[in-house]
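Encoded as structure tokens, the structure appears first; notes follow it.
Both ligands and their constituent atoms are indexed starting at 1 by order of listing. Just so you know, these numbers use all the heavy atoms, side chains as well, and skip hydrogens, waters and symmetry mates. Residue numbers start at 1 and run along the sequence shown.
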Amino acid sequence: MKTEIFNITSLNEKAERELKKSAEVIQAGGLVVFPTETVYGLGADATNAEAAQRIYTAKGRPSDNPLIIHVAQPKDAEKYAYTNEMYYLLAEKFMPGPLTVIMIAKDSVPRTTRGGLDTVAVRCPQNIIARKFIEYCGVPIAAPSANLSGSPSPTNASHVIDDMLGKVNVIINGGDSDFGLESTIVKIDENDTLTLLRPGAITVEDLLTVASEVCVSNAVTHLLKEGETPLSPGMKYRHYAPKSSLVLLDGNLQDAVTYIKKNSSGMKIGVVAYTENISFLKENLLNASVYDFGSQFHEVEQAHRLFSILRESDKDSLDVIYAPLPSKEGIGLALYNRMIRAAAHKIIKL
Ligand code: TXA
Ligand code: MG
């Protein structure tokens with residue numbers, strides 16, 4: 001398939017034309033990759049089962065792993081899900097934005113889109129290109145992250161091109177994703193409490209300003225054991241897997257250097273380092289490839305860089321990559337969740 005690439009830096013006339021053309025591709029059942037504030041999405045008409053099926057094929061994604069549907073306005077969710085007061089409280093505070101809400105689905109969403117479940121995940125993105133694009137489509141857009149199943153989510157167009165060129169009709173290049181990790185996913189429970197299924201830029205503390213209780217699903221901070229069924233099907237798959245082995249180190253910098261020296265002689269190693277620690281690590285680990293993770297005190301910057309670093313380190317074909325274990329506080333929880341999964345839980349307490 002020939003993939004057309006549209007480079008959009010601002011919403012000028014040319015961009016409007018390209019977005020309308022992309023919308024026509026969606027209406028004809030095609031696939032369009034578009035930017036959002038979290039990561040890039042691989043979009044198709046959510047109400048067209050055949051189009052949604054093409055997403056699973058392009059990604060190599062198991063068909064029981066449901067897709068999020070993206071709407072232009074929070075109130076559009078009503079056509080596809082049984083919304084309630086809690087949905088509107090969340091929408092008022094966090095939408096448009098990096099929050100996905102799971103509710104009981106209406107029949108207007110084909111089972112293929114929702115991976116066979118009775119529920120559907122709804123998100124109203126904030127990115128201006130995404131919003132215009134969805135508006136022009138006139139249908140909700142089913143979109144998982146636009147990576148091949150098992151590789152890190154794409155946070156810029158070159159990541160998308162690496163994974164999706166020739167597999168989709170259009171790629172809309174809207175530059176770097178603002179946040180760089182996928183949206184926060186919550187499920188509204190019967191008594192209007194929330195269950196957090198995936199942490200993101202909207203933190204537990206943020207959610208507690210709206211809901212009286214937020215229960216963090218076990219799968220957020222642990223890997224599932226054999227035979228365990230997750231609340232969110234995606235959690236049973238190993239995500240974001242770097243090609244080399246990722247090891248998370250829980251301890252101070254000096255102990256990390258001692259551990260690395262002792263355990264990786266003769267190996268080609270990479271180290272993901274807070275900016276403040278780069279020169280110390282370079283002086284002490286002469287042969288390591290060092291990746292700048294951003295300031296130790298700036299988790300938003302770390303979130304922004306994580307997936308790029310994983311992709312870059314893949315290209316350097318290392319034997320092992322070491323990274324610091326993030327805290328579970330605030331946005332740290334989203335980093336922690338993605339990193340323990342990428343590391344398949346290899347955490348060393350120093
Ligand atoms: O930021 C994001 O959410 C990005 C952008 C493109 O919007 N999308 C994204 O989609 O990350 P995806 O498919 O890569 O991850 C969605 C996760 C999957 O783990 C899936 O299993 C879960 O959401 N999910 C979707 N619908 C669900 C449902 N009805 N019940 C439980 N989990 C659901
Ligand atoms: Mg994904």
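Counted by atom type alone, Y336 and E329 present zero donor-acceptor pairs between their side chains at under 3.5 Å. Residues R198 and S183 bring a donor and an acceptor atom of their side chains to less than 3.5 Å of each other. Donor-acceptor pairing under 3.5 Å is recorded for the side chains of T203 and D206. For the 3.5 Å distance criterion, the side chains of Y291 and D316 qualify, holding a donor opposite an acceptor.
Each of the atoms 20 (C), 21 (O), 24 (N), 25 (C), 26 (N), 27 (C), 28 (C), 33 (C) of ligand 1 lies under 4.0 Å from some heavy atom of P66. For ligand 1, the atoms sitting less than 4.0 Å from at least one non-hydrogen atom of I185 are 17 (C), 23 (O), numbered in the order shown with element in parentheses. Counting the atoms of ligand 1 from 1 in the order shown, those under 4.0 Å from a heavy atom of G41 are 6 (C). For ligand 1, the atoms lying closer than 4.0 Å to a non-hydrogen atom of L117 are 28 (C), 29 (N), 30 (N). Every atom of ligand 1 is numbered from 1 in the order shown, and the set under 4.0 Å from a heavy atom of T119 is 28 (C), 29 (N), 30 (N). The distance from ligand 1 to the heavy atoms of I68 drops below 4.0 Å at these ligand atoms: 3 (O), 8 (N), 9 (C), 10 (O), 16 (C). Every atom of ligand 1 with a heavy atom of H70 under 4.0 Å away is listed here by number and element: 5 (C), 6 (C), 7 (O).
Only the backbone of A143 comes within 4.0 Å of ligand 1, counting heavy atoms alone; no side-chain atom from C-beta on gets that close. With a heavy-atom cut-off of 4.0 Å, T38 touches ligand 1 through its side chain alone. Contacts of K187 with ligand 1, taken as heavy-atom pairs under 4.0 Å, are absent altogether. Neither the backbone nor the side chain of R114 comes within 4.0 Å of ligand 1, counting heavy atoms alone. When non-hydrogen atoms are compared, ligand 1 lies under 4.0 Å from the side chain of R61 (C-beta onward) but not from its backbone.
At least one N/O/S atom of S145, from backbone or side chain, sits under 2.8 Å from the Mg ion (ligand 2).
Take N12 and apply the side chain to side chain contact (heavy atoms under 4.5 Å, CB included) test, not counting sequence neighbours, and it matches S10, K14, A15.
The two atoms that bring C124 and A72 nearest to each other are SG-O, 3.6 Å, heavy atoms only. The shortest non-hydrogen separation linking T193 to S212 is CG2-OG, 4.4 Å. Between L248 and A343 the shortest heavy-atom distance is CG-CB, 3.9 Å.
Pairs of residues two or more places apart, or lying in two chains, that qualify as ring pair (Phe, Tyr, Trp, His ring centres under 6.0 Å) and include a residue from residues 50-83 are F34-H70.
Not one N or O of T36 is nearer than 3.5 Å to an N or O of ligand 1, by distance alone. Among the atoms of E182, none of the N or O lies under 3.5 angstrom from an N or O of ligand 1. Between R198 and ligand 1, a contact under 3.5 Å exists for at least one N or O pair. At least one N or O atom of S183, backbone or side chain, sits closer than 3.5 Å to an N or O atom of ligand 1.
Within 6.0 Å of atom NZ in K106, more than 12 heavy atoms from other residues, nucleotides or ligands are found, so the atom counts as buried in its surroundings.
With respect to D163 and R311, a salt bridge is recorded, a charged nitrogen being found less than 4.0 Å from a carboxylate O.
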